[in-house]
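Notes follow once the structure below has been shown.
Not measured: the values here are computed from a predicted model.
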Amino acid sequence: MKKLVILLVAFSTFSCQSQEKKSAFLENKQPIKMNVANGLELATFAGGCFWCTEAVFLEIEGVKKVVSGYIGGTTKNPTYREIGTGMTGHAEAIQITFDPKIVSFGELLEIFFATHDPTTLNRQGNDVGTQYRSEVFYYNDNQKELTEEYIKLMTEEKTFKNPIVTRISAASVFYEAEDYHQNYYNLNRTQSYCSYVITPKIEKLKKNFKDKLKN
């Protein structure tokens, strides 16, 4: 595996929400089965506020669709307000539909770990709470094994100064977030959080992953 390229994570005084309370995560023994047509596959990542992660992966060649939503909790059909309490157990996450002939799951993993801080427990910058945890939700054994191997490699190479706390969990039901969360960055670029937190991430992505971007 090629040497990891790690982006600096943008931190600022802005946050989506700032509540954190004890919550119960959903522990699936087996990932939920998903049928995706035309040879496409799914990847689901939680890496802080989903406005950020969605904006990053929408830029990647081979990514056909990115949906912001909630996963890993015990409440059915949760709302943004409910998951913001930290009590439902859900993480803000994105579900990526991608073409593995163009971009592999391993490449998506590399981008995921390079564009958020996987060493801060239940936190990304000033976004604090279990809903902002770092977590990979796998749909098959191959995704699980690749994630485990990748984290092991980063740990051995001391890619990060602090230990990686990213959870690896079997994918459960993914609930699509409210309409106003979808494609949030592209529709709200002048909003303060977008300008000060997301735009720097996109700029670093374009600098370090030029060969992975859409034309």
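- Every salt bridge (charged side-chain N to carboxylate O under 4.0 Å, His left out) that Arg167 has, sequence neighbours left out, goes to Glu27, Glu135.
- Put simply, the side chain of Glu41 never gets that close to the backbone of Pro100: no donor and acceptor are under 3.5 Å apart.
- To the nearest 0.5 Å, atom CZ of residue Arg189 and atom CD of residue Gln191 are 13.5 Å apart.
- Glu178 contributes no side-chain N or O that, together with a main-chain N or O of His181, makes up a donor-acceptor pair within less than 3.5 Å.
- A heavy-atom distance below 4.5 Å is found between the side chains of Leu205 and Ile60.
- Ring-centre distance between Phe98 and Phe57: not below the 6.0 Å cut-off.
- Judged by distance alone, the side chain of Gln124 and the main-chain N or O of Asp117 form a donor-acceptor pair under 3.5 Å.
- For Leu213 against Phe209, the heavy-atom pair with the smallest separation is CG-O, 3.3 Å.
- Listed by chain and number, the residues in a ring-ring contact (aromatic ring centres under 6.0 Å, His included) with Tyr184 are Trp51 (sequence neighbours excluded).
- Applying the salt bridge (charged side-chain N to carboxylate O under 4.0 Å, His left out) rule to Glu107 yields the partners Lys212; only residues at least two apart in sequence or on another chain are considered.
- Residues forming a side chain to side chain contact (heavy atoms under 4.5 Å, CB included) with Ala55 (at least two apart in sequence, or on another chain): Tyr185, Ile198, Ile202.
- Listed by chain and number, the residues in a ring-ring contact (aromatic ring centres under 6.0 Å, His included) with Phe174 amount to none (sequence neighbours excluded).
- With sequence neighbours excluded, the residues that form a ring-ring contact (aromatic ring centres under 6.0 Å, His included) with Tyr70 are Phe50.
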